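Below is one structure; the comments refer to it alone.
Computed from a predicted model, the values in this text were never measured in an experiment. Just so it is clear: chains get the letters A, B, ... in the order the sequence lines come, proteins before strands, and each one is counted from 1. Worth knowing before you read on, the calculation uses all heavy atoms, side chains too, and leaves out hydrogens, waters and symmetry mates.
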There are 2 protein chains.
Amino acid sequence: MTTEEKIFNAARIVFQKKGFAGARMQEIADEAGINKAMLHYCFKNKQQLFEAVFMKAFSQLAPQINTIFNSEKTVFEKITQFTHDYISFVIENPFLPQFIIQEMNNNPEFVMSILNHENRPNPTLLIAQIEKEIETGIIKPIKPKQLLLDIFSMTIFPFAAQIMVKGILHLSDIEFNQMMEERKTIIAQQIINSIKK
Amino acid sequence: MTTEEKIFNAARIVFQKKGFAGARMQEIADEAGINKAMLHYCFKNKQQLFEAVFMKAFSQLAPQINTIFNSEKTVFEKITQFTHDYISFVIENPFLPQFIIQEMNNNPEFVMSILNHENRPNPTLLIAQIEKEIETGIIKPIKPKQLLLDIFSMTIFPFAAQIMVKGILHLSDIEFNQMMEERKTIIAQQIINSIKK
DNA sequence: TTTTGGTTTAACCTTTTGGTTAATAAAGGT
DNA sequence: ACCTTTATTAACCAAAAGGTTAAACCAAAA
């Protein structure tokens, strides 16, 4: 692993745990096991190091979503595949959702400038498809955006609010992961169940 | 409005926008229109000012939840009432969910020490009730904790990830609020629809 | 009027933090 | 072997940020 990679990984860990404002350059250096000056040698400053980490995180999520949303499948198939694939991915990267949401909240201007490019999740086509299937009579008459919001909520929220969820529902790490494994399939079943005619 | 109240309100605004780590004492003082030294005169330090704000925020949410969860109503009635009341409350305090989730993530030890007292949301009774209604045959056989997670997800997530949701679904502030108004009723309908026999 | 108690402030202090520098070590070409 | 470029570090710096202090202010009591 190169020094730059060591720094990047350390930065990912610290930024995801503490957020941009709470992260300390010294802590990142310690985590990487190198001198603080190396951070500035490899990355210009804190902001740029953060942007690299954030961009990577975001660009891992977004393309996946668009690939599924814009495929040739039916709406039900897309819902099934999205919830399954997304949860699988986030189980491997459990800090990502909260990290992205938090930084979008604390730094909207910066994040929006990233978001407005090719890699932004774009549900336009899927919305049109939902409307078509409603007309065809496959799906009950619902508002497409509400449906999308339901899907996002059910898949993303448990990870974004992981600590709160564990606390309120009294879940150990293992129990939490078991629940998430189950959710890979039950979310789609429930949603489809509630909108199919 | 007393000086202490002015400080408290200013602190709430700044903490909710920037988080604990990102908030600056000077910014809070400016927001309150008073000298920085007054912050330390009324509240010992940043940590204690934050704890006051956080505690207030949390204690506004938790009792509501428990009142509904532990009432004498049926599960369907509880779902209907909870989603409606919670969304109504959060529309008035839209920064609360993200604020609480963020600080729980960045500072789990501290938050847990608060959470472990009387005011913590406790779904134990509701879970037992769900199990009973499943046996009775009113509700389909599902895992109660998964159901609760669905309810929390659908109601809280849109606010916690407000900026992301607006960005991805292309919603103005007004459209977002309209959607949330609709969600006061449709969430319960959909959930009940998907679990009733 | 003077005193007294709580408020409020400007100025100051200390620590933390992001960032720099100059010197050193390692690697690579000639 | 010698020079040049690339990594790496310890020590340092300046600004920001949290927190303190001593003096001023101001109302109500004596």
Side-chain angles (χ1 to χ4, degrees), chain A residues 1-57 99 102-111 113-114, chain B residues 1-57 95 99 102-103 105-111 113-114:
Chain A
M1 190 159 47
T2 71
T3 303
E4 195 170 318
E5 286 170 334
K6 273 192 275 184
I7 293 174
F8 186 91
N9 287 332
R12 213 192 52 224
I13 291 169
V14 176
F15 278 134
Q16 286 184 353
K17 188 152 65 189
K18 305 279 182 76
F20 176 78
R24 298 287 161 249
M25 294 298 270
Q26 187 60 59
E27 194 181 346
I28 295 174
D30 293 347
E31 178 76 35
I34 49 99
N35 186 287
K36 186 167 62 106
M38 277 305 287
L39 302 185
H40 299 281
Y41 182 74
C42 294
F43 300 83
K44 208 173 71 198
N45 53 28
K46 190 184 182 185
Q47 181 70 27
Q48 196 167 302
L49 179 53
F50 174 79
E51 287 183 19
V53 169
F54 187 88
M55 196 79 96
K56 174 88 173 298
F99 174 61
Q102 169 169 330
E103 298 308 329
M104 283 190 92
N105 193 51
N106 294 342
N107 215 329
E109 332 64 58
F110 157 61
V111 175
S113 70
I114 290 178
Chain B
M1 188 159 48
T2 71
T3 303
E4 195 168 319
E5 288 170 334
K6 274 193 273 183
I7 293 174
F8 185 90
N9 287 332
R12 214 193 51 222
I13 291 169
V14 176
F15 278 134
Q16 287 183 354
K17 188 152 65 187
K18 305 280 182 78
F20 176 78
R24 299 287 161 247
M25 294 298 270
Q26 187 59 58
E27 193 180 349
I28 295 174
D30 293 346
E31 178 76 33
I34 49 97
N35 187 288
K36 186 166 65 108
M38 278 305 287
L39 302 185
H40 299 282
Y41 181 73
C42 294
F43 300 83
K44 209 172 71 196
N45 54 28
K46 189 183 181 185
Q47 180 70 28
Q48 197 169 302
L49 178 53
F50 175 78
E51 287 182 19
V53 170
F54 187 89
M55 198 80 95
K56 175 87 173 302
F95 288 104
F99 175 61
Q102 171 170 327
E103 297 308 330
N105 193 50
N106 294 342
N107 216 330
E109 329 70 55
F110 156 62
V111 175
S113 71
I114 290 178

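- The stretch residues 1-12 of chain A does not touch DNA chain C, since none of its heavy atoms comes less than 4.0 Å from the strand.
- Centroid-to-centroid, the aromatic rings of A:F99 and A:F54 come within less than 6.0 Å.
- Annotation: cation-pi pair B:K46/B:F20 present, NZ/CZ under 6.0 Å from the ring centroid and within 45° of its normal.
- In this structure, B:K18 and B:E27 have side chains that are in contact, with non-hydrogen atoms separated by less than 4.5 Å.
- Among A:I34, A:L49, A:I7, the single residue meeting the side chain to side chain contact (heavy atoms under 4.5 Å, CB included) criterion with A:C42 is A:I7.
- To the nearest 0.5 Å, the span separating CD on A:E5 from CZ on A:F8 amounts to 10.0 Å.
- In this structure, A:Q47 atom CD and D:dA16 atom P are separated by 16 Å, rounded to whole Å.
- Contacts between residues 19-38 of chain A and DNA chain C, defined by a heavy-atom separation below 4.0 Å, involve A:A23, A:R24, A:M25, A:K36, A:A37, listed by number.
- Distance, B:H40 NE2 to C:dA11 P: 17 Å, rounded to whole Å.
- When each of A:L39, A:D30, A:V14 is tested with A:M25 by the rule side chain to side chain contact (heavy atoms under 4.5 Å, CB included), just one qualifies, namely A:L39.
- Side-chain atoms of B:F95 and B:R12, non-hydrogen and from C-beta on, never get closer than 4.5 Å to each other.
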DNA chain D in dot-bracket, Watson-Crick or G-U pairs under 3.5 Å, [ ] crossing, | other strand?
||||||||||||||||||||||||||||||
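- Here the closest non-hydrogen pair linking B:Q48 and B:N45 is N-OD1, 2.9 Å.
- With a 4.5 Å cut-off on side-chain heavy atoms, B:F15 and B:E103 do not count as touching.
- One interatomic measurement links the two molecules: NZ of A:K46 to C1' of C:dT16, which rounds to 12 Å at whole-angstrom precision.
- Atom P of nucleotide D:dA10 and atom OH of A:Y41 are separated by 17 Å, given to the nearest angstrom.
- For A:N45 and C:dT17, the CG to C1' distance is 14 Å, given to the nearest whole Å.
- Atom CG in B:L39 sits roughly 12 Å away from atom C1' in C:dT8 (whole-Å rounding).
- Note that CD of A:Q102 and CG of A:N107 are 11.0 Å apart. Values are rounded to the nearest 0.5 Å.
- In this structure, B:M38 CE and B:E4 CD are separated by 9.0 Å, a value rounded to the nearest 0.5 Å.
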